[in-house]
Amino acid sequence: MALEVWTSVLSLTGVALGGGLTALSQRVTQRSAERAEERRLRVATGEARRAEQLQAIKEFIACAQEAERAAYGRPDSWGDDDDWRASAGAAMTTLWVAERHLVLLCHPNLHASVHAYGRALNQAVWREIGDTEVNEHLEEHKAAFMTAARASLSAPSGQAP
């Protein structure tokens, strides 16, 4: 009879040990799958964020080009062309909205250069640059913005360029 009891106890111990190992294995597998899903989600979010930043930078560049076109097309005598004033004002409004998008979406290291470029464009459009040529006035600010934008886009997600 003692042998039957020991056989039953060992059998029950084997079942309990097997069940425990199976539960542990399932738990480890589940945690591994959860971590992989979190990594995948983090990468997807980073890619989506980068695409959104790239789109905002492209939009700002297009608006900057429109403002630059307005600066080059400004009539010599101030106030004679109401159509130009309206289109230049609209171009500058669109530029400042695009600048705010960059401030919201991109890394703070980009903020100073985008704001400086926007101010330089504003000065060029409204001829607050004296006798300086438009392209000469904008060159440094445009280059600084492009460098900062490139650095912002090439930095790993969530890190400073």
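Position 1 is the first residue of the sequence, and the numbers go up from there. As the structure is a computational prediction, the values presented were derived from the model and not from experiment.
Screening His101, Glu99, His141 for a side-chain contact (heavy atoms from CB on, under 4.5 Å) involving Val114 leaves a single residue, Glu99.
A pairwise comparison of heavy atoms in Glu66 and Ala91 identifies CG-CB, 3.9 Å as the closest pair. Smallest separation of non-hydrogen atoms from Thr7 and Leu3: OG1-O, 2.7 Å. Nearest approach of Leu105 to Gln53, heavy atoms of both residues: O-NE2, 2.9 Å. Taking all atoms of both residues into account, the shortest heavy-atom contact from Arg85 to Trp126 is O-CH2, 4.2 Å. In this structure, Ser152 and Cys106 approach most closely via the heavy-atom pair OG-CB, 4.2 Å. When all heavy atoms of Arg49 and Leu104 are compared, the closest pair comes out as NH2-O, 4.2 Å.
By the neighbour-count criterion of 12 heavy atoms within 6.0 Å, atom CZ of Arg127 is densely surrounded, having more than that number from other residues, nucleotides or ligands. The number of heavy atoms from other shown groups lying within 6.0 Å of CZ (Arg31) does not exceed 12. In Glu133, the CD atom is not crowded: 12 or fewer heavy atoms of neighbouring residues, nucleotides or ligands sit closer than 6.0 Å.
Taking 4.5 Å as the limit, every side-chain heavy atom of Ile61 sits out of range of all side-chain heavy atoms of Gln65. Inter-residue side-chain proximity for Val125 and Trp84 is flagged as met; some heavy-atom pair is nearer than 4.5 Å. Leu102 places none of its side-chain heavy atoms less than 4.5 Å from the side chain of His111. Looking at heavy atoms from C-beta onward, Glu34 lies out of side-chain contact with Glu37 at the 4.5 angstrom threshold. Between His107 and Leu110, the closest side-chain pair of non-hydrogen atoms is not below 4.5 Å. When side chains are defined from C-beta on, Trp96 counts as touching His115, because their heavy atoms get closer than 4.5 Å.
Of the possible polar contacts, none joining the Ser32 side chain to the Val28 backbone as a donor-acceptor pair under 3.5 Å is found. Panel note: side chain Thr22, backbone Gly18; a donor-acceptor pair is recorded below 3.5 Å. Remark: the backbone N or O of Gly89 is paired with a side-chain donor or acceptor of Thr93 at under 3.5 angstrom. Between the Gln123 side chain and the Ile129 main chain, no donor and acceptor come within less than 3.5 Å of each other. One N or O on the side chain of Thr45 and one on the backbone of Leu41 form a donor-acceptor pair closer than 3.5 Å.
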Exercise for the section: For the pair Gln55 and Glu59, evaluate side-chain hydrogen bond (donor to acceptor under 3.5 Å, both in side chains) and give the outcome as yes or no after the intermediate values. Expected result: CA-CA 6 Å; Gln55 183 59 37; Glu59 182 181 317; 5.1 Å; no
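Rounding to the nearest 0.5 angstrom, the gap separating the CG atom in Leu153 from the CZ atom in Arg50 is 5.0 Å. Distance NE2/His137 to CG/Asp131: 13.0 Å, rounded to 0.5 Å. Atom CZ of residue Phe145 and atom CG of residue Leu138 lie 13.0 Å apart, to the nearest 0.5 angstrom.
Hydrophobic clustering (ILVMFWY, side-chain heavy atoms < 4.5 Å, transitive): Leu121 and Tyr72 are in one cluster.
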